[in-house]
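Right, one structure below, let's go through it.
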Amino acid sequence: MEKNKSAERALGAFTGILLAISLVLTFTVSDYYIFDKFTTYNPLFIICQWIKKAGLLLLPLAAFLKKRSCADIAKYLLPVFIIISLFTYGSFFDITMMNEGVESAENVYASINEFIPKSWHMILFFVESEFMLGACALLFIKDGFKVEAKSFRFLPLAILAVTPLNIFENFYNTDLFDNRSDKYLEGNFLLFKSFSVWHLLVLIILIAFTIGCYYFLRKKDRKKQNDYLIAMAVVLLIQYHSKDSVVMGDGYNVYTTIFACIPLFICNIGVYVACLSVFFKKKVLYAISFFVHAAGAVSVFLYFGDKISNYGIFCGYSILYFSLTHCLLFVLSILPTALGHYKFRPKDAIVPLIYYCMVIVVAAVSSALVTSASMEFSYGGYTLGESEWLYPNYAFTQNNPLPIPEPVLPITIWRCEMNIAYLIILYAVYVGLFYALNGAYYAFLAIRRRVLKPATAPAAEPYGEIQAEAATTEDEDNV
């Protein structure tokens, strides 16, 4: 028994270190750059890296949730692919966006992005592999060699959940659809645009995914519900951090530098808040997720912006990443309340409103500082011109996403001018959205109860019905 306890503690430590190293490695160009280039890099190595991404899902579930099925898959599958990857990496560590001898903005951006030297990249890669192998060895020590065949029915799901979303770009000519290419086709049917058939498809998927998750989980016990929510949170974090590497390599949407990876976009912060809420089950985190980030996630599905076609076709990385991560964010924000883990009350809006105000302020200041600093970014004698300065636009604080004019009340932060009037309006509009979604949620519950209630049932107070339907909360001190 003591041996198993020691193995469990060591497994938790190994898994924690492994996840930290894996996070750092996402800030290298090559981490996800290879997945849409099967014809350029060793396909066997690419498959190994994909399976290792699945390990970042399986090992936490095995270590922290004690999921035997995940442990069985991890200890018998991962070591094979890890060892193969150690001998098939080829030119993986040589990937760079630098074009030496050429003075260009791209080299300036690359000099910023590629802050992890090749030697450190290699060290981290091999150390990550060693900790992953160590975690698998500890699973053998803890659970023995016995394995249940039925455990492997979850393998396809684990691999699918962590699919590198740029992998689909191997199946079409990317030059044909890249807006930075001369072959870009403005009128192509596959381009994603607001209010197009692809926009409608994404909305349908969001609704179907949310309803499907709810009905799948609603009759399961509380522990299983929590386990599934945590698994979705881990998937969200893995997919979210894939963007780090893609930004530095092929670019994500309009962003090409590491500054776009700073989590000050409202939904980026929401990823962490929503995931932490299901990890730690804290009332304040549930409240922020439900009141702020559910509305933030769903609002972007309603209007993607006028320039969304610049982001590529519907099966390109930018659209797939955006849609998947925001679907998961919305579900993780709304389900704890829908399943009864937490009951939102009007007074619970106070902390989220203060939180969102702080987000707007920090995002605005940070956006201005990044833009101001970029005015002096240079490399190899080339300094960025005005059209090449960085505008991260965290939380929409620099540019109005809607084609609506607003009053101007300027303030200068370092070298960048911001509009305080716009920031106030932005905050007020989003607060309105928060309350609108909250009201719509409870209105939906009230209508559903009225429709489903038997005709012979006595009338009840609407507020009581709504609250009963919304959640059956445990003692608040235990939430």
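When a residue number appears, it is its place in the shown sequence, counting from 1.
- Here the OH atom belonging to Tyr286 is positioned 8.5 Å from the OG1 atom belonging to Thr337, to the nearest 0.5 angstrom.
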Show every donor-acceptor pair shorter than 3.5 Å between a side-chain atom in residues 196-211 and any protein atom, with sequence neighbours excluded, or say none if there are none.
{"unit_1": "Ser196", "atom_1": "OG", "unit_2": "Lys193", "atom_2": "O", "d": "2.6"}
{"unit_1": "Ser196", "atom_1": "OG", "unit_2": "Trp198", "atom_2": "N", "d": "3.4"}
{"unit_1": "Ser196", "atom_1": "OG", "unit_2": "His199", "atom_2": "N", "d": "3.4"}
{"unit_1": "Trp198", "atom_1": "NE1", "unit_2": "Phe189", "atom_2": "O", "d": "2.8"}
{"unit_1": "His199", "atom_1": "ND1", "unit_2": "Phe195", "atom_2": "N", "d": "2.6"}
{"unit_1": "His199", "atom_1": "NE2", "unit_2": "Phe301", "atom_2": "O", "d": "2.6"}
{"unit_1": "Thr210", "atom_1": "OG1", "unit_2": "Leu206", "atom_2": "O", "d": "2.8"}

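- Annotation: cation-pi geometry satisfied between Lys220 and Phe216 (NZ/CZ under 6.0 angstrom from ring centroid, within 45° of ring axis).
- Judged by a 6.0 Å distance limit and a 45° cone about the ring axis, Lys75 is positioned over the six-membered ring of Phe140.
- Under the 30°/60° scheme for interplanar angles, the aromatic rings of Phe377 and Phe259 are found to lie parallel.
- With contacts defined as side-chain heavy-atom distances shorter than 4.5 Å, the pair Val362/Tyr394 does not qualify.
- Put simply, the side chain of Phe81 does not reach to within 4.5 Å of the side chain of Gln49, judged on heavy atoms.
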query: Given the rule in the side-chain contact (heavy atoms from CB on, under 4.5 Å) test, do His341 and Gln225 qualify, once you have shown the distances and angles that lead to the verdict?
result: CA-CA 9 Å; His341 298 195; Gln225 289 177 352; 2.7 Å; yes
message: Between Thr39 and Asn170, is the side-chain contact (heavy atoms from CB on, under 4.5 Å) condition met? List the steps.
response: CA-CA 8 Å; Thr39 58; Asn170 289 286; 5.8 Å; no
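- A donor-acceptor contact shorter than 3.5 Å is absent between the side chain of Ser366 and the backbone of Ala363.
- Between Tyr109 and Leu390 the shortest side-chain heavy-atom distance falls below 4.5 Å.
- Using a 4.5 Å cut-off on side-chain heavy atoms (C-beta onward), Lys343 and Phe290 make no contact.
- Residue Leu157 holds its CG atom at 8.0 Å from CZ of Phe154, rounded to the nearest 0.5 Å.
- Ring geometry for Tyr430 against Phe396 counts as parallel: the plane angle stays under 30°, on a 0 to 90° scale with 60° as the upper cut.
- Of the N and O atoms on the side chains of Ser69 and Glu148, not one donor lies less than 3.5 Å from an acceptor on the other residue.
- Of the possible donor and acceptor atoms, none in the side chain of Asn99 sits under 3.5 Å from a partner among the backbone N and O of Val102.
- Summarising the geometry of Phe291 relative to Pro352, their closest heavy-atom pair is CD2-CB, 3.7 Å, with the distance given to 0.1 Å.
- Not a single donor-acceptor pair under 3.5 Å links the side chain of His121 to the backbone N or O of Pro117.
- Arg218 places no side-chain N or O within 3.5 Å of a backbone atom of Tyr215 that could act as its donor or acceptor partner.
- With hydrogens and angles left out, the side-chain atoms of Tyr89 and Asn42 include no donor and acceptor closer than 3.5 Å.
- Nearest heavy-atom pair across Ile116 and Trp120 is CG2-CB, 4.1 Å.
- A donor-acceptor contact shorter than 3.5 Å is absent between the side chain of Thr397 and the backbone of Asn393.
- Residues Asp72 and Asp143 fail the side-chain proximity criterion, which asks for heavy atoms closer than 4.5 Å.
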Verdict with reasoning, Tyr317 to Ser242, per side-chain hydrogen bond (donor to acceptor under 3.5 Å, both in side chains): CA-CA 10 Å; Tyr317 175 82; Ser242 71; 2.8 Å; yes
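- Around CZ of Phe434, the count of heavy atoms belonging to other residues, nucleotides or ligands within 6.0 Å exceeds 12.
- Looking at Ser323, its side chain never comes within 3.5 Å of a backbone N or O of Leu320 through a donor-acceptor pair.
- Distance check, rounded to the nearest 0.5 Å: OH of Tyr76 to CG of Leu139 gives 11.0 Å.
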message: What verdict does the side-chain hydrogen bond (donor to acceptor under 3.5 Å, both in side chains) test give for Tyr382 and Glu388, after you've listed the backbone C-alpha separation in whole Å, the side-chain angles of each residue and the deciding distance to 0.1 Å?
response: CA-CA 12 Å; Tyr382 185 91; Glu388 298 161 334; 2.9 Å; yes
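- Looking at Ser245 and Asp31, their side chains never bring a donor and an acceptor atom within 3.5 Å of each other.
- Under a 3.5 Å cut-off, the side chain of Asn226 and the backbone N or O of Phe279 do not form any donor-acceptor pair.
- If you take OG on Ser289 and CZ on Phe344, they are separated by 11.5 Å, rounding to the nearest 0.5 Å.
- When all heavy atoms of Met98 and Ala110 are compared, the closest pair comes out as SD-CB, 3.2 Å.
- With ring centers used as reference points, Tyr355 lies under 6.0 Å from His293.
- When ring centroids are compared, Phe45 and Tyr41 stay outside the 6.0 Å threshold.
- Between the side chain of Thr15 and the backbone N or O of Gly12 there is no donor-acceptor pair closer than 3.5 Å.
- The shortest side-chain heavy-atom distance between Val234 and Leu237 does not fall under the 4.5 Å cut-off.
- The minimum heavy-atom distance between Asn268 and Pro263, with the atom names listed, is CB-CA, 3.9 Å.
- Aromatic ring centroids of Tyr272 and Tyr240 lie under 6.0 Å apart.
- At a threshold of 4.5 Å between non-hydrogen side-chain atoms, the residues Ile313 and Ile319 do not count as touching.
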message: For Asn113 and Met97: C-alpha separation, side-chain torsions, deciding distance, then whether side-chain contact (heavy atoms from CB on, under 4.5 Å) applies.
response: CA-CA 9 Å; Asn113 292 337; Met97 296 294 104; over 6 Å; no
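- Ring-plane geometry between Tyr321 and Tyr252 is classed as perpendicular, the angle between the planes exceeding 60 degrees on a 0 to 90 degree scale with a lower cut at 30.
- Thr40 contributes atom OG1, which lies 7.0 Å from atom NZ of Lys37 (distance to the nearest 0.5 angstrom).
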Show every donor-acceptor pair shorter than 3.5 Å between a side-chain atom in residues 122-137 and any protein atom, with sequence neighbours excluded, or say none if there are none.
{"unit_1": "Glu128", "atom_1": "OE2", "unit_2": "Ser22", "atom_2": "OG", "d": "2.8"}
{"unit_1": "Ser129", "atom_1": "OG", "unit_2": "Lys52", "atom_2": "NZ", "d": "3.4"}
{"unit_1": "Ser129", "atom_1": "OG", "unit_2": "Phe125", "atom_2": "O", "d": "3.1"}

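- Residues Ile141 and Ala7 share a closest heavy-atom pair of CG2-CB, 4.0 Å.
- Remark: the backbone N or O of Thr163 is paired with a side-chain donor or acceptor of Gln239 at under 3.5 angstrom.
- Between the side chains of Asn253 and Ser318, at least one donor N or O sits under 3.5 Å from an acceptor N or O.
- Outside the 6.0 Å centre-distance limit, the rings of Phe444 and Tyr441 are not counted as a close aromatic pair.
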query: Please walk me through it: do Asp348 and Tyr342 pass side-chain hydrogen bond (donor to acceptor under 3.5 Å, both in side chains)?
result: CA-CA 11 Å; Asp348 293 341; Tyr342 162 72; 2.8 Å; yes
Stepwise side-chain contact (heavy atoms from CB on, under 4.5 Å) check, Ile258 with Val247: CA-CA 7 Å; Ile258 191 175; Val247 160; 6.0 Å; no
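- The SG atom of Cys315 lies 13.0 Å from the CD1 atom of Ile167; values are rounded to the nearest 0.5 Å.
- Side-chain atoms of Met232 and Leu332, non-hydrogen and from C-beta on, do get closer than 4.5 Å to each other.
- Classified by interplanar angle (parallel below 30°, tilted 30° to 60°, perpendicular above 60°), the ring pair Phe27/Phe115 is tilted.
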